[in-house]
Structures are given as structure tokens and as C-alpha cells.
Amino acid sequence: MNYQNYTTEDFVLDKAFRSWVEKTDNESNLFWHRFLENHPEKLDDIKKAKAIIQQMSFQHYRLSAEEVSTVWRNIQKNKEVPDALYERNKLMPLHPNFVAEQPQKSALPAFFRQRKMLFRIAASIVGFILVASLMLWWMQQGGEQVYTTAYGETSTVQLPDGSVATLNANSTLKIPGSWQGRQAREVWLEGEAFFQVEKTSKEDNLTKKLPYKFIVHSREVAVEVLGTRFNVNTRREKVQVVLNSGKVSVKWNENELMMQPGDLVEVHHRKGQVIQKLVQPELYSSWKDGRLLCNATPIGELARTIEERFGYQVVLLDSGLSDIRVSGTIPMDHIETFNLVLSKLIQGQVKKQGEIVYISR
């Protein structure tokens, strides 16, 4: 595909591109990340196309058996031609020895042929009304909204209540089409995001326009807030929550833990382990401003950041390099800039060759 010549409309119409936006995976993320590296001039077109496709996301609706029966009864009511007349014109099943004959004119009188046509029209109208009703239902529900980011990309999403979610690279955020009448404002996160949650008014809560609670679902963990700023990271087989301001309740299984500003909580499902400690919150959320703040950060941790942010495999060439600690600020806009600054901080070499980044001292 000559994607470098694509316009916004071309991207929207491209099946592979739509598949990536609607159901992201590591392979497609890596492909589009490489494409944007080689063709940064296409970033605006891709962002516009993604926004259009995300607005077009559709919730599938399956008719119940009762609804199917109701539609069929309505069709049957409009069928006034006796069944015996249709028996003459039934299509016979094909047989290996079947020999085609010349088509014969319909044996139905003109009156009944007219009735048959009316039946078909009536059935079409019923079908159209059904589809239109489903479309109206979907429009009222608003449809599920899905937001995704590729490797090397961050995105800021304005939520319906005025809250803001900033997605880190290779992340997905899902929100329902409408929160009206629900028990809570719920979102579902895969990857990493920073949330700035707006409090809803008591009037909104009483009229059911907007629920008071805001809940972020990540794997088996639910982060419940009222109005606050916090970071959620679901990578590396754990859910990590860092609270910048406000109050947060972290719930998993039948456990609950209240957090205060400056707290870090990690829930490790497989290990059955929970870690809580005091940290500097800005160290965990600086990525949203396009930079990484390092304060005695191990190189092994920075290697995982390269893999998660940019999608490259990292190889440490020297033994013991993983535990060496680094302090400073590293820009996160491009992998080349990141590698260059990191090489200065460790006084070593950070080189990208193909799909691999090699680090040595």
C-alpha cells in the first residue's frame, strides 16, 4: 500500500487501518509506528482518520428470539396470497442430474402476482422500520467510544463530564456512549493513562444526568474517585495507581485500600501481592508532558520504558548495567532523541539497529 499518498478519507476507507483503530494489537501498532517515523507528515491525517473511525464505533445488537418471532408474525399478517399458490413456484433443490429447463411464465394470475409484489414490499418496509428502530436506539445510547494510541504517540481525550484522560503510548480507553442513568461514570483502560476527574454537582446526581462516582476499570482492579488527579498503569502483569491529588479508593476482589496524595499502590494478580509506598507523583506522570523524569532510576526500568513507549526490543550488552541508576530529564517525543539523551546520562552508547536498541557503557 502507498500509504504515504493517502489522505484522511483514504485512511478512513482502508480496511487494515480501520482494523488497527478498532482492535489494536502489538503487530499493527509496530507497523503504524514505523510508518509515522518514516512519514511524520502523515500524523495529522492519521489522527483525523482515527477520530472519525472512533466516532463511528458501533455496538452490535442481537435480536432476541421473542423479537424475531414478533417481526415474523408481522410479516405473516401481510401475506394474503394462499400458501397453495406458492407451492407451484417453490424452488426445487439442485441434484447432480439436474438439467436446466427453459424458464416458464408464472402460473399465478395477474391479481396474485400483484399481491405477491405487495407482500415483498411490505416485508421490506417492516425490515426497514426494524433497522431504523435499532439505529435510533443506538443513537440514543451514543455507542461505545474507543480511543487508542500507537507506539510513540500520546493522546488527550475530553470526556463527556469535562474530565480529561491523557493516554500514554500503546494504550486503549473505552467509555460508554452515555453515563446518564448509570450508577457511576465508568471507563475501561488497557495500558497507561493520566486522569483529571471533574466532580459532578449534587443536582446532576439527583437528576441522574451524571453519576457522582468515577471508576477506572483495569483488569480486576477498580479505581474509584470523586474528583482528583492520578495515574493508572496496567502493564507488566500489575495495576499501578499513583495519586497526585484528591482521594482514591482501589478495589480488587473483596479488598479495598484508601489512598492519599503521594501514595503508590501496585496490585500484582499472579503473585497475590500488594505494594503501597510514598513516592514523588510527578515521576510517574511526567510522560504526559512529553518527558521522563529520572531520579536514581535503574537502567533496566528505562529499558522497559523504551519497549513500552516506542515498541523496540532492548538488549543490555554489559552485565550489571540493569541496576545502574540514572538521574535527569529525557525527552520522549522521538526514539532517536530519547537514545541520544540517555547515552549522555549513562556516559555510554545507546544505538538503534532495526527493531532492537542496544545499550552499553
Side-chain angles (χ1 to χ4, degrees), residues 26 29-30 32-34 36-37 149-155 166-172 189-194 218 230-244 262-268 271 273 275-361:
N26 289 336
N29 273 343
L30 192 58
W32 289 106
H33 171 63
R34 298 288 182 271
L36 284 173
E37 276 194 336
T149 52
Y151 283 117
E153 177 189 16
T154 59
S155 178
T166 303
L167 295 182
N168 204 346
N170 190 29
S171 300
T172 299
L189 173 68
E190 295 178 14
E192 184 173 15
F194 184 85
S218 298
F230 60 100
N231 196 81
V232 181
N233 188 336
T234 69
R235 311 188 201 275
R236 309 178 196 173
E237 301 299 324
K238 69 180 186 300
V239 175
Q240 179 194 82
V241 183
V242 178
L243 180 60
N244 292 56
D263 279 351
L264 175 149
V265 171
E266 288 183 352
V267 180
H268 297 257
K271 297 179 181 178
Q273 182 183 26
I275 297 174
Q276 182 179 18
K277 60 183 180 181
L278 284 173
V279 298
Q280 294 177 266
E282 59 272 13
L283 296 178
Y284 295 84
S285 57
S286 59
W287 59 263
K288 66 184 177 61
D289 300 317
R291 56 198 175 97
L292 181 66
L293 297 182
C294 303
N295 183 15
T297 304
I299 291 180
E301 183 78 14
L302 296 178
R304 286 190 287 269
T305 298
I306 292 174
E307 293 176 341
E308 294 168 354
R309 173 79 179 198
F310 301 105
Y312 290 90
Q313 179 185 352
V314 178
V315 175
L316 303 180
L317 297 177
D318 300 327
S319 61
L321 190 58
S322 177
D323 297 325
I324 294 177
R325 296 179 177 272
V326 174
S327 296
T329 301
I330 307 177
M332 301 183 73
D333 49 353
H334 297 291
I335 182 65
E336 289 79 7
T337 307
F338 190 99
N339 291 347
L340 177 62
V341 175
L342 179 58
S343 66
K344 301 292 185 183
L345 291 177
I346 67 173
Q347 296 180 354
Q349 291 186 336
V350 183
K351 292 184 177 181
K352 177 171 70 73
Q353 295 181 5
E355 308 298 320
I356 302 176
V357 172
Y358 296 93
I359 301 178
S360 62
R361 292 193 75 179

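What you are looking at is a predicted structure, and each value in this text was computed from that prediction instead of being measured.
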Participant: Please examine the side chains of L292 and L302, heavy atoms only from C-beta on, and report whether any two atoms are closer than 4.5 Å.
Facilitator: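 The answer is yes; the side chains approach within 4.5 Å.
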Participant: Please check if the number of heavy atoms outside Q347 that lie under 6.0 Å from its CD is greater than 12.
Facilitator: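 No, CD of Q347 has 12 or fewer neighbouring heavy atoms, counting only those of other groups under 6.0 Å.
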Participant: Evaluate the side-chain proximity of F338 to V350: yes if any heavy-atom separation is below 4.5 Å, no if none is.
Facilitator: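 No, side chains not in contact.
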Participant: To the nearest 0.5 Å, tell me how far Y151 OH sits from E37 CD.
Facilitator: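 The CD atom of E37 is 12.5 Å from OH of Y151, to the nearest 0.5 Å.
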Participant: For the residue pair L189 and L167, establish whether any side-chain heavy-atom pair is separated by less than 4.5 Å.
Facilitator: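 When only atoms from C-beta onward are counted, L167 and L189 do touch, with a gap below 4.5 Å.
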Participant: Any side-chain heavy atom of I299 within less than 4.5 Å of one from L316?
Facilitator: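 Sidechains of L316 and I299: in contact.
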Participant: How close do S322 and P298 get, counting heavy atoms only, and between which atoms?
Facilitator: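 Minimum heavy-atom contact is O-CB, 3.5 Å.
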Participant: Working to the nearest 0.5 Å, report the span between CG of L321 and CG of D323.
Facilitator: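 Going from CG on L321 over to CG on D323, the span is 9.0 Å.
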Participant: Below 3.5 Å, can you tabulate the donor-acceptor pairs from side chains in residues 278-289 to any protein atom, sequence neighbours excluded?
Facilitator:
{"from": "Q280", "atom 1": "OE1", "to": "N295", "atom 2": "ND2", "distance (Å)": "2.9"}
{"from": "S285", "atom 1": "OG", "to": "P281", "atom 2": "O", "distance (Å)": "3.3"}
{"from": "S286", "atom 1": "OG", "to": "R291", "atom 2": "O", "distance (Å)": "3.2"}
{"from": "S286", "atom 1": "OG", "to": "L293", "atom 2": "N", "distance (Å)": "3.1"}
{"from": "W287", "atom 1": "NE1", "to": "E192", "atom 2": "OE2", "distance (Å)": "3.2"}
{"from": "W287", "atom 1": "NE1", "to": "N231", "atom 2": "OD1", "distance (Å)": "3.1"}
{"from": "W287", "atom 1": "NE1", "to": "Y284", "atom 2": "O", "distance (Å)": "3.3"}

Participant: With side-chain contact (heavy atoms from CB on, under 4.5 Å) as the test, would you mind laying out the steps for M332 and T154 before giving the verdict?
Facilitator: CA-CA 10 Å; M332 301 183 73; T154 59; over 6 Å; no
Participant: Could you grab the distance from atom NZ of K238 to atom CG of N233, nearest 0.5 Å is fine?
Facilitator: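 If I round to the nearest 0.5 Å, the distance is 5.5 Å.
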Participant: Is it the case that atom NE2 in H268 sees more than 12 heavy atoms from other parts of the structure closer than 6.0 Å?
Facilitator: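 Buried by this count: over 12 neighbours within 6.0 Å.
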Participant: Scan residues 305-319 for pairs that pass salt bridge (charged side-chain N to carboxylate O under 4.0 Å, His left out), counting only residues two or more places apart or in two chains.
Facilitator: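 Those involving residues 305-319 are R235-E308, R236-E308.
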Participant: Return the CD to CG distance between Q349 and L317, rounded to the nearest 0.5 Å.
Facilitator: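 The distance works out to 9.0 Å.
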Participant: I need the single residue from L340, L345, N339 that forms a side-chain contact (heavy atoms from CB on, under 4.5 Å) with S343. Which is it?
Facilitator: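 When side-chain contact (heavy atoms from CB on, under 4.5 Å) is applied between S343 and each of L340, L345, N339, only L340 qualifies.
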Participant: Would you mind listing every salt bridge (charged side-chain N to carboxylate O under 4.0 Å, His left out) that reaches into residues 337-354, with sequence neighbours excluded?
Facilitator: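 Checked against salt bridge (charged side-chain N to carboxylate O under 4.0 Å, His left out) - neighbours excluded - the pairs reaching residues 337-354 are E336-K352.
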Participant: Can you measure from CD1 (I359) to CD1 (I306) and round to the nearest 0.5 angstrom?
Facilitator: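 Between I359 CD1 and I306 CD1, I get 4.5 Å after rounding to 0.5 Å.
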Participant: If I take atom CD1 from residue I275 and atom CG from residue L264, how far apart are they, to the nearest 0.5 angstrom?
Facilitator: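 It is 8.0 Å, given to the nearest 0.5 Å.
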Participant: Evaluate the side-chain contact (heavy atoms from CB on, under 4.5 Å) criterion for residues N244 and F194: first the C-alpha distance (whole Å), next the side-chain angles of each, then the deciding distance (0.1 Å), finally the verdict.
Facilitator: CA-CA 10 Å; N244 292 56; F194 184 85; 3.5 Å; yes
